Amino acid sequence: MLDLDLDIGSRGSGETIRLEFPVDRYPATAAHIRDAIASGESRVCTIDRGGAEENRDDSLRGIPTKKGFDRDEWPMAMCEEGGTGADIEYVEPSDNRGAGSWVGHALDDYPDGTQVEFILN
């Protein structure tokens with residue numbers, strides 16, 4: 001089940017929604033998000049799909065790959081806040097890719113410019 005608390009703002013660019021991330025399904029990714037936020041990264045992501053590729057290149061530059069792991073970014077590449085300086089952690093591929101897919105599907109109907117506050121309970 002998708003838990004979105006949509007009581008903040010109205011649908012459209014510039015709105016803020018609250019996204020309850022499924023911590024129990026993707027525990028390693030959730031732990032990384034928590035750690036990154038605790039270290040000063042934003043818990044809010046402004047959707048910017050067009051900037052994702054450049055953000056990913058910038059955030060992962062100089063971070064070596066590690067066999068059996070993905071390099072997880074927070075803020076995510078699809079976030080305007082992502083890119084250079086993003087927090088990177090090695091995460092099991094199934095957890096990382098499942099989480100990315102889940103977030104992508106959860107935000108499919110929201111346009112670029114929508115602000116998403118990630119809630120980790």
Side-chain angles (χ1 to χ4, degrees):
M1 181 171 146
L2 179 64
D3 292 322
L4 287 175
D5 177 353
L6 302 175
D7 64 348
I8 304 172
S10 61
R11 204 168 190 80
S13 184
E15 85 174 298
T16 300
I17 62 168
R18 294 170 49 113
L19 180 64
E20 295 232 3
F21 185 84
V23 173
D24 56 335
R25 287 176 62 187
Y26 308 109
T29 300
H32 177 217
I33 295 170
R34 270 198 189 107
D35 291 347
I37 291 169
S39 295
E41 295 290 348
S42 179
R43 83 169 39 251
V44 175
C45 163
T46 306
I47 300 173
D48 177 20
R49 293 175 185 93
E53 187 174 333
E54 182 177 345
N55 281 349
R56 184 171 293 107
D57 289 345
D58 290 346
S59 66
L60 298 179
R61 185 174 293 116
I63 307 294
T65 59
K66 187 174 178 182
K67 186 176 174 117
F69 292 92
D70 282 354
R71 297 168 294 170
D72 185 41
E73 313 148 69
W74 187 264
M76 298 176 294
M78 68 165 283
C79 301
E80 184 177 296
E81 298 79 5
T84 302
D87 191 273
I88 309 298
E89 213 170 276
Y90 294 102
V91 175
E92 299 83 8
S94 61
D95 191 289
N96 183 51
R97 295 173 195 180
S101 177
W102 186 90
V103 168
H105 288 303
L107 300 178
D108 267 347
D109 293 336
Y110 295 92
D112 285 1
T114 302
Q115 292 188 322
V116 182
E117 179 183 6
F118 279 74
I119 306 300
L120 298 122
N121 293 323

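From a predicted model like this one, the values you see are computed outputs, not experimental measurements.
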**Student:** Checking side chain to side chain contact (heavy atoms under 4.5 Å, CB included) against R97, which of S94, P93, S101 comes through?
**Tutor:**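 Only one option passes, and that is P93.
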**Student:** Could you walk me through whether D58 and E73 pass the side chain to side chain contact (heavy atoms under 4.5 Å, CB included) check?
**Tutor:** CA-CA 11 Å; D58 290 346; E73 313 148 69; over 6 Å; no
**Student:** In Å and rounded to the nearest 0.5 Å, what is the CE to CD distance from M78 to E53?
**Tutor:**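 Taking CE in M78 and CD in E53, the distance rounds to 15.0 Å.
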**Student:** Side chains of V116 and V103: does their closest heavy-atom pair fall under 4.5 Å?
**Tutor:**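 SC-SC contact between V116 and V103 ruled out.
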**Student:** How far apart are the C-alpha atoms of D35 and W74, what are their side-chain angles, what is the distance that settles it, and do they pass the side chain to side chain contact (heavy atoms under 4.5 Å, CB included) test?
**Tutor:** CA-CA 10 Å; D35 291 347; W74 187 264; over 6 Å; no
**Student:** Check V44 against Q115 and note the closest heavy-atom contact, atom names and distance.
**Tutor:**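 Closest heavy-atom pair between V44 and Q115: CG1-CB, 3.9 Å.
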**Student:** With sequence neighbours excluded, what pairs up with S42 under the side chain to side chain donor-acceptor pair (under 3.5 Å) test?
**Tutor:**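 Partners of S42 under the side chain to side chain donor-acceptor pair (under 3.5 Å) test: none.
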**Student:** Would you compute the distance between atom CD of E80 and atom CG of D48 and round it to the nearest 0.5 angstrom?
**Tutor:**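 E80 CD to D48 CG: 6.0 Å, rounded to 0.5 Å.
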**Student:** Check salt bridge (Lys or Arg N to Asp or Glu O under 4.0 Å) between R71 and all other residues, then give those that pass, not counting sequence neighbours.
**Tutor:**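 So R71 forms no salt bridge (Lys or Arg N to Asp or Glu O under 4.0 Å) with any residue.
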**Student:** Which heavy atom of R43 sits nearest a heavy atom of F118, and at what distance?
**Tutor:**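 Smallest heavy-atom distance, with atoms named: NH1-O, 2.8 Å.
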**Student:** Can you tell me how far apart OG1 (T84) and CD (E54) are? Round to the nearest 0.5 Å.
**Tutor:**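 Result: 8.0 Å between the selected atoms.
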**Student:** Can you name the nearest heavy-atom pair linking L107 to R49, along with the distance?
**Tutor:**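 Between these two residues, the closest heavy atoms are O-NH2, 2.8 Å.
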**Student:** Could you check D72 against D95 for side chain to side chain contact (heavy atoms under 4.5 Å, CB included), going step by step and ending with a plain yes or no?
**Tutor:** CA-CA 10 Å; D72 185 41; D95 191 289; over 6 Å; no
**Student:** What's the shortest heavy-atom distance between A30 and F21, and which atoms?
**Tutor:**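 Smallest heavy-atom distance, with atoms named: CB-CE2, 3.8 Å.
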**Student:** Considering all heavy atoms of both residues, which atom of T29 and which atom of V91 are nearest to each other, and what is their separation?
**Tutor:**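 Shortest heavy-atom separation between T29 and V91 comes out as OG1-CG1, 3.9 Å.
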**Student:** Cluster question for you: counting only ILVMFWY and a side-chain heavy-atom cut-off of under 4.5 Å, with indirect links fine, are Y26 and F69 together?
**Tutor:**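 Per the 4.5 Å side-chain linkage, Y26 and F69 are not co-clustered.
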**Student:** How far does CD1 of I47 sit from CE of M76, to the nearest 0.5 angstrom?
**Tutor:**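 Rounded to the nearest 0.5 Å, the CD1-CE separation comes to 8.0 Å.
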**Student:** To the closest 0.5 Å, what do you measure between CD1 (I17) and CD1 (I119)?
**Tutor:**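 Between I17 CD1 and I119 CD1, I get 10.5 Å after rounding to 0.5 Å.
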**Student:** For the residue pair A86 and P75, what are the closest heavy atoms and their distance?
**Tutor:**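 Nearest pair, atom of A86 first, then P75: CB-O, 4.0 Å.
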**Student:** Would you mind reporting whether L60 and I88 have side-chain heavy atoms less than 4.5 Å apart?
**Tutor:**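 A side-chain contact exists here, since the closest heavy-atom pair is under 4.5 Å.
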**Student:** How about N96 and Y90: do any of their side-chain heavy atoms sit closer than 4.5 Å?
**Tutor:**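 Counting from C-beta outward, N96 and Y90 never come under 4.5 Å.
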